[in-house]
Amino acid sequence: MSILPRIKQCRAACAALFVSVLAACAAPSAVRTEAAVAPPPPPAAVTLNRPEQFERDRAAILAMAGEFRVRFTFEETLSLDPDYTPRKQKRSGATEWVTVIEDRGDFISLQHILVIGEDHSVVKHWRQDWQYQPASVLRYRGQQHWQPEPVAEAERLGAWSQTVFEVDDAPRYGGVGRWRHTDGEVVWESDYSWRPLPRREYTTRDDYQVMGAVNRHLLTPEGWAHEQINTKLVVGAAGTVRPLAREQGLNTYRRITDYDFSAGRTYWQSTASYWARVRALYSQALARPQGLTLGGELDGTPRYAASFELAEKQAEGAEIDAATVASTLRKYWIDG
């Protein structure tokens, strides 16, 4: 199968990704390995709190790149409302390639690409950006609005921010924390922050509006894990907030050598310059003091579908310039 039919399958797969169990096991095939990314030195402008800690932190972040079989598990463990009954556990799985798309020393960007099943369908997945000693962090304020928040000097010293982005590079959430390398553990834990509902939730329910969450990323002997402590929050029209339920999330990334991710590499090679323009557009908007408010759908077309359509055109040979990216995506921006 050529890469183009696989790319065109990604819209349907993306919409259903977290509401169905994806086939995670495929027939073994030849595997491509990548050379290790040589870490560049930190920029001269960065003042290192503890140089040896900084290098260990960088190594931990870079260790999240590679080829993985992933298991997604989310379970509501507590009801925080007397009239609420916890929902059933949600499980799914996939095969995922995580690649370093930028490394400036004090900034590392990891792009996740799903390659699914025996036909190797490709779905561009989420992205995580890591910034050392950040001057600000992106915060979700509710109502599909994101805004940068300054980080106090004492809080940023030796810390890393993690900012997470949607499949179409729209923002999701940000947090600040420090890597810990003690007692045989390598783990980063964020501060508490809000985030919008994930697709697995907003496509199936509307009884709460925001997740309050703490993230943990930790290295394991087989790869790494992403733990989430989520509180589902009901936000009233007057701004009142009350908790509905507590949820535990555990996403495990187990390194594998028995699956061929070359379709994902081919997709990324053909669309990387397009997605770089998308990232640049969002970065500029999200750096504004007022931040950005997004709409999810326009004339029946979801925001992510419009962006994926442009990516498909580039994969077919068209070069999508920055002006086309801006004119298409800004239609979904409520505040320009």
Side-chain angles (χ1 to χ4, degrees), residues 14-22 24 70-94 96 112 114 125-128 137-147 149 161-167 170-177 187-218 220 224-253 293-297 302-304:
C14 184
L17 180 61
F18 287 123
V19 296
S20 64
V21 177
L22 300 175
V70 191
R71 291 286 182 264
F72 306 101
T73 304
F74 295 92
E75 181 177 7
E76 291 187 350
T77 56
L78 292 171
S79 172
L80 302 176
D81 182 305
D83 298 321
Y84 182 77
T85 301
R87 305 280 184 97
K88 291 183 178 180
Q89 183 186 76
K90 293 185 177 181
R91 289 176 176 263
S92 60
E96 188 155 32
H112 293 234
L114 292 164
H125 206 191
W126 61 296
R127 185 179 104 242
Q128 47 175 322
V137 62
L138 188 67
R139 298 296 195 190
Y140 180 60
R141 302 303 191 190
Q143 300 291 325
Q144 297 302 301
H145 180 70
W146 290 262
Q147 197 169 5
E149 177 181 279
S161 65
Q162 183 210 37
T163 309
V164 170
F165 298 85
E166 294 272 14
V167 297
R172 271 198 55 72
Y173 60 86
V176 179
V187 58
W188 176 88
E189 182 171 315
S190 75
D191 55 1
Y192 175 85
S193 65
W194 276 18
R195 64 184 63 171
L197 273 61
R199 182 170 287 104
R200 61 184 166 82
E201 292 284 273
Y202 74 69
T203 55
T204 60
R205 59 192 296 181
D206 59 3
D207 56 339
Y208 75 103
Q209 290 72 46
V210 170
M211 273 190 175
V214 172
N215 263 359
R216 292 195 192 101
H217 285 249
L218 64 153
T220 68
W224 58 282
H226 178 196
E227 294 182 329
Q228 301 175 46
I229 305 170
N230 300 326
T231 303
K232 299 181 177 183
L233 302 173
V234 178
V235 181
T240 58
V241 180
R242 63 178 177 85
L244 183 68
R246 179 65 58 84
E247 176 186 77
Q248 299 288 335
L250 177 61
N251 303 333
T252 57
Y253 290 74
T293 303
L294 290 175
E297 194 169 291
R303 185 187 63 239
Y304 75 85

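Computation of the quantities below employed the complete heavy-atom set of this structure, encompassing side-chain atoms and omitting hydrogens, waters and symmetry-equivalent molecules. All values reported here derive from a predicted model rather than from experimental measurement.
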Exercise for review: Please determine, by modelled atom types, if Asp207 and Tyr84 share a side-chain donor-acceptor pair under 3.5 angstrom.
Suggested key: no
Point to revise | Closest contact, heavy atoms only, Gly175 versus Val137 | key: N-CG2, 3.7 Å
Study note, to complete from the structure: Between the CG atom in Leu80 and the OG1 atom in Thr77, the distance rounded to the nearest 0.5 Å is 8.0 Å
Point to revise | Atom pair CZ (Arg195) and CE (Met211), whose distance is rounded to the nearest 0.5 Å | key: 7.5 Å
Exercise for review: Verify, without hydrogens or angle tests, whether Tyr140 (side chain) and Gln144 (backbone) share a donor-acceptor contact under 3.5 angstrom.
Suggested key: yes
Review point. Would you say Gln143 has more than 12 foreign heavy atoms packed within less than 6.0 Å of its CD?
Key: no
Review point. Hey, does the Lys NZ or Arg CZ of Arg199 hover above the aromatic six-ring of Tyr304, less than 6.0 Å from the centre and inside 45° of the axis?
Key: yes
Check your understanding: What distance do Arg246 atom CZ and Gln248 atom CD have between them, rounded to the nearest 0.5 Å?
Key -> 7.0 Å
Practice item. Search all heavy atoms of Trp146 against all heavy atoms of Pro196 and return the closest pair with its distance. Key: CZ2-CG, 3.8 Å
**Study point:** Side-chain donor/acceptor of Glu149 to backbone N/O of Arg139, under 3.5 Å
**Key:** no
Exercise for review: List the atom of Tyr208, the atom of Leu233, and the distance in Å for their closest heavy-atom pair.
Suggested key: CB-O, 3.4 Å
Review point. Is Thr163 reaching over with its side chain to a backbone N or O of Gly174, donor-acceptor style, under 3.5 angstrom?
Key: no
**Study point:** Between OG on residue Ser193 and CZ on residue Arg141, distance to nearest 0.5 Å
**Key:** 10.0 Å
Practice item. Not counting sequence neighbours, list each pair that qualifies as a salt bridge (Lys or Arg N to Asp or Glu O under 4.0 Å) and has a residue in residues 224-238. Key: Glu76-Lys232, Glu201-Lys232, Arg216-Glu227, Lys232-Glu247
Practice item. Under the side chain to side chain contact (heavy atoms under 4.5 Å, CB included) rule, what do Thr204 and Lys90 come out as? Steps first, then yes or no, please. Key: CA-CA 12 Å; Thr204 60; Lys90 293 185 177 181; 3.6 Å; yes
Point to revise | Criterion side chain to side chain contact (heavy atoms under 4.5 Å, CB included) on Tyr253 and Thr220, from CA distance to verdict | key: CA-CA 9 Å; Tyr253 290 74; Thr220 68; over 6 Å; no
Practice item. Just say parallel, tilted or perpendicular for the rings of His217 and Trp224, cut-offs at 30° and 60°. Key: parallel
Exercise for review: Would you give the length of the straight line joining atom CH2 of Trp126 to atom CZ of Arg172, rounded to the nearest 0.5 angstrom?
Suggested key: 10.0 Å
Review point. Is Ser190 reaching over with its side chain to a backbone N or O of Asn215, donor-acceptor style, under 3.5 angstrom?
Key: yes
**Study point:** Residue pair Asn251 / Thr73: nearest heavy atoms and the distance that separates them
**Key:** OD1-N, 3.7 Å
Review point. Taking atom CG of Leu294 and atom CD of Glu166, what is their separation to the nearest 0.5 Å?
Key: 9.5 Å
Exercise for review: Grab the two heavy atoms, one from Thr231 and one from Pro243, that are nearest each other, plus how far apart they are.
Suggested key: CG2-CB, 4.0 Å
